[in-house]
Every structure is written in structure tokens, then in C-alpha cells.
Amino acid sequence: MAAKENVSLPFKLYCLLVMTLIAAAYTVVLRYTRTATKEMYFSTTAVCITEVIKLLLSVCILAKETGSLSRLITSLKDNVLGSPVEMLKLSVPSLVYALQNNMAFVALSNLDAAVYQVTYQLKIPCTALCTVLMLNRSLNKLQWVSVFILCGGVTLVQYSPAEATKVQIEQNYLLGIGAVAIAVLCSGFAGVYFEKVLKSSDTSLWVRNIQMYLSGILVTALCVYISDGSQVIEKGFFYGYNFLVWIVILLASFGGLYTSVVVKYTDNIMKGFSAAAAIVLSTIASVILFGLQITLTFAIGALFVCVSIYTYGLPRKDTTTIDVKELSNNLSGKLISV
């Protein structure tokens with residue numbers, strides 16, 4: 001793994017603060033828009049717009065990377081229009097990530113933001129399993145212990161889940177948990193699959209992102225048609241949109257790309273602390289906004305999850321193992337919603 005660049009502590013703390021706020025704000029604001037809005041927007045259209053924005057941002061970054069408009073056009077012609085096989089390869093994670101992003105909306109329509117934030121950390125053991133199976137890599141003993149502690153913590157959270165007293169809409173807890181489970185599986189598989197594609201050639205990361213987002217737009221547009229087609233035609237593509245809905249879309253778009261840029265400046269301990277801090281902030285926000293009543297088992301389970309995230313990222317002497325938590329955070333940040 002490449003060494004971290006030497007940067008000042010204030011800049012690292014800035015990166016930590018931004019990553020934490022993005023992760024917490026995305027889940028809380030998304031949850032709010034799914035519970036406090038009378039005219040409910042179509043989540044499939046939000047996911048589709050997010051893909052469009054990420055495509056535009058990736059093109060802008062590639063333009064800066066290539067240095068001129070002519071080289072940008074040449075790169076796009078060679079790697080997009082002239083590479084149908086590569087486009088087909090990237091359609092696989094596009095499909096999986098489209099499913100994951102839609103499941104996030106389903107989950108946060110039925111689960112509190114804090115419960116979702118804790119449960120979604122199962123992406124770490126899922127990524128670990130996919131890495132072991134697909135890339136033939138291994139984890140060290142501390143990482144395996146951390147994985148089991150994390151799973152135990154999530155189990156405690158689900159055993160006696162916290163309830164939000166200010167949310168009056170009808171919710172399906174089992175549907176929410178099922179949606180998180182699907183999102184976790186998608187995150188693990190798609191992240192490791194994308195790593196394999198990245199390492200199969202020296203093609204630019206942003207070219208790969210563009211290839212994937214183009215496929216993603218087609219997949220998410222198809223999701224809009226299949227899931228909400230008749231209602232979108234009747235009410236309009238942007239039905240129910242307000243300022244907060246656009247905040248959710250921008251957090252999903254800019255947040256992921258920002259994380260992919262700054263992740264190289266932070267170490268594993270700081271990223272682990274950021275994930276744990278996001279859980280704490282989401283819990284505090286849920287108590288204030290949604291009247292979340294925290295149970296003892298929820299508090300203990302969340303603590304276990306925070307500790308396991310921290311220990312998973314601790315430095316280790318065995319350099320032959322892979323940091324799957326960093327892979328999960330890095331690739332999810334490059335390609336998704338937080």
C-alpha cells in the first residue's frame with residue numbers, strides 16, 4: 001500500500017471533520033426527508049440524479065487530469081466509445097451499486113438513522129469475506145476479532161432496537177433490516193469487484209468512474225421506469241423535491257468523491273474514529289429530531305461497533321494482509337452514497 005503523504009495535523013483533522021459530517025448528515029437528512037415530507041418524492045429519481053452529478057464531476061476531474069480539452073475528448077473516445085468490453089465489465093458494479101443506493105432509501109424509510117448507521121457497518125466483514133474469496137487475501141487475528149465484535153454489537157442493537165417517538169409514519173422494521181442487509185452485500189461485492197477491475201489495467205480511476213457512472217445512469221433510469229414509471233409520468237420527475245432532498249443528492253454525489261480524494265491523507269485510526277464519530281452524531285441527531293429512545297442494549301451494541309471499527313484499523317506488523325476496512329471506505333467513497 002502506498003505511503004501516506006506528509007501533511008499537517010490541522011489538514012488531517014479537517015479531512016476527519018468533513019468525512020464525519022458527511023457520513024452523519026447523509027443518513028440523518030435522508031431519514032428526515034423520508035419521514036417528515038407530506039409529498040413524498042420518488043427515491044429512484046434521486047438515485048438517478050446522483051449518478052448524473054457524479055458523472056459530471058468525474059468528467060471535470062478527468063479534464064483537469066488530462067490537462068486539455070483535446071486530450072479529454074481523446075480519452076473519452078478511446079475508453080468509453082471505443083471500449084465496449086470495458087463498459088460491459090463496469091456495468092456489473094453499476095447494477096449492484098444502483099441496487100445498494102436504492103436500498104439505502106428503503107432502509108432509512110423504515111429504520112432510524114442511528115440504527116441504520118450502526119447496522120451498515122456490517123459492510124466491513126462483508127468486504128473482508130469478499131476479499132478473502134475473490135482476491136485470495138487474508139486478515140490478521142486482530143481484524144478477525146474485530147469482525148466478530150462488530151457482528152456481536154450489531155446483534156445487540158437489533159435485539160432491542162431504539163424507537164423514535166416523533167416519527168408518525170408507518171414503518172416496516174423487517175423491511176428496513178432486509179434493505180440494509182442487501183446494501184451491505186452489494187457494498188462488499190461491488191467494492192472488491194471494482195478493485196479487481198482497477199488492478200487489471202493502468203486505466204485512470206476517473207475513466208473507470210465515468211465508465212461505471214454511464215452504465216449507472218442507464219440502470220437507475222430503468223429503475224425509475226420499472227418502479228415509479230406511471231407515477232413519474234403523472235406527477236413529474238421532480239415531484240416532492242425540496243431543498244433537503246437536493247441536500248441529500250449533493251451529499252451522496254460530492255461526499256463520495258470527496259472521500260476518494262482525501263482518504264490518502266488520513267490513516268486507518270483516523271478513518272475508524274470518523275466512522276465511530278458519525279455513529280455518535282447520528283444518534284444525537286436522532287434523539288433531537290426523531291425522539292429516539294436509546295435502550296441499554298443499543299448503547300452497548302453501538303459501543304462494541306465503535307470499538308471494533310477502531311481496533312480493525314490499528315497498525316499491524318503483518319504487511320501481507322489487506323486493510324479491508326480501508327478498501328470498503330475508499331471504494332464506497334469513490335463510487336457511492338455514504
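Everything numeric here is computed off the predicted structure, so don't read it as measured data.
- Taking each heavy atom of Ala277 and Thr20 in turn, the nearest pair found is CB-CG2, 3.6 Å.
- Transitive grouping of hydrophobic side chains (ILVMFWY, heavy atoms separated by less than 4.5 Å) keeps Val157 and Phe148 in distinct clusters.
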Verdict with reasoning, Tyr193 to Val92, per side chain to side chain contact (heavy atoms under 4.5 Å, CB included): CA-CA 9 Å; Tyr193 179 95; Val92 175; 3.7 Å; yes

May I have the step-by-step check of side chain to side chain contact (heavy atoms under 4.5 Å, CB included) for Leu214 and Ile210, ending in yes or no? CA-CA 6 Å; Leu214 282 172; Ile210 290 170; 4.2 Å; yes

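- Side-chain contact between Val154 and Val305: present, with at least one pair of heavy atoms (C-beta onward) separated by less than 4.5 Å.
- Here the CD1 atom belonging to Ile279 is positioned 4.0 Å from the SG atom belonging to Cys306, to the nearest 0.5 angstrom.
- Note: Tyr41 and Tyr241 have perpendicular aromatic rings, judged against thresholds of 30 and 60 degrees for the angle between ring planes.
- What you find for Ala24 and Leu281 is that their closest heavy atoms are CB-CB, 3.8 Å.
- In this structure, Asp112 and Arg31 approach most closely via the heavy-atom pair CA-NE, 3.8 Å.
- A donor-acceptor pair is defined here as one N or O able to donate and one able to accept, closer than 3.5 Å; such a pair exists between the side chain of Thr66 and the backbone of Ala63.
- No option in Val96, Val184, Thr127 other than Val96 meets the side-chain contact (heavy atoms from CB on, under 4.5 Å) test with Phe189.
- At distances below 3.5 Å, not a single donor-acceptor pair connects side-chain atoms of Thr119 with backbone N or O atoms of Tyr116.
- Taking the side chain as every heavy atom from C-beta outward, Met87 and Leu90 never approach each other to under 4.5 Å.
- In this structure, Tyr120 is not a member of the same hydrophobic cluster as Leu303, with clusters built from ILVMFWY side-chain heavy atoms closer than 4.5 Å.
- Shown here for Ser94 and Val219, the closest heavy-atom pair between the two residues is O-CG1, 4.5 Å.
- In this structure, CD1 in Ile61 is found 11.5 Å from CG in Leu56, a value given to the nearest 0.5 Å.
- The backbone N or O of Gln117 lies less than 3.5 Å from a partner atom in the side chain of Gln121, making a donor-acceptor pair.
- Counting only heavy atoms from C-beta outward, the side chains of Gln100 and Met103 never approach each other to under 4.5 Å.
- Looking only at distances, a side-chain donor or acceptor of Ser146 sits under 3.5 Å from a matching main-chain atom of Leu142.
- Side-chain atoms of Asn110 come within 3.5 Å of backbone atoms of Asn172 as a donor-acceptor pair (strictly under, hydrogens ignored).
- Checking Ser109 against Arg34 by side-chain atom types alone, a donor-acceptor pair falls below 3.5 Å.
- Panel note: side chain Glu51, backbone Cys48; no donor-acceptor pair is recorded below 3.5 Å.
- With values rounded to the nearest 0.5 angstrom, Leu250 atom CG is found 5.5 Å from Ile53 atom CD1.
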Pair Val29, Val245 - check side chain to side chain contact (heavy atoms under 4.5 Å, CB included), show working. CA-CA 8 Å; Val29 178; Val245 175; over 6 Å; no

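- Residue Leu222 is not grouped with residue Leu218 when hydrophobic side chains (ILVMFWY) are merged at heavy-atom distances under 4.5 angstrom, including chains of intermediate members.
- At most 12 non-hydrogen atoms from other residues, nucleotides or ligands lie less than 6.0 angstrom from CZ of Phe304.
- Side-chain contact check for Ile247 versus Thr33: every heavy-atom pair is 4.5 Å or farther apart.
- Atom OG of Ser58 sits about 13.5 Å away from atom CZ of Arg208, to the nearest 0.5 Å.
- Both Met40 and Leu289 belong to a common hydrophobic cluster when Ile, Leu, Val, Met, Phe, Trp and Tyr are linked at side-chain heavy-atom distances under 4.5 angstrom.
- Among all heavy-atom pairs drawn from Val232 and Phe42, the shortest one is CG2-CD1, 3.7 Å.
- Atoms CE and OH, from Met212 and Tyr97 in turn, are 6.5 Å apart once rounded to the nearest 0.5 Å.
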Determine whether Lys141 and Trp144 satisfy the following criterion, side chain to side chain contact (heavy atoms under 4.5 Å, CB included), listing intermediate values before the conclusion. CA-CA 5 Å; Lys141 292 181 180 179; Trp144 280 118; 5.8 Å; no

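- Checking Gln211 against Ser83 by side-chain atom types alone, no donor-acceptor pair falls below 3.5 Å.
- Atom CD1 in Ile182 sits 13.5 Å away from atom OG in Ser187 (nearest 0.5 Å).
- For residues 218-239, every residue pair satisfying the side chain to side chain donor-acceptor pair (under 3.5 Å) rule, not counting sequence neighbours, is listed here: Thr44-Asp228.
- Under the 4.5 Å side-chain heavy-atom criterion for Ile, Leu, Val, Met, Phe, Trp and Tyr, Val280 and Ile300 are members of distinct hydrophobic clusters.
- At least one side-chain heavy atom of Leu185 sits under 4.5 Å from a side-chain heavy atom of Cys126.
- Residues Tyr32 and Val248 fail the side-chain proximity criterion, which asks for heavy atoms closer than 4.5 Å.
- Shortest non-hydrogen contact noted between Lys54 and Ala252 is CD-O, 4.2 Å.
- Checking Asn79 against Ser75 by side-chain atom types alone, a donor-acceptor pair falls below 3.5 Å.
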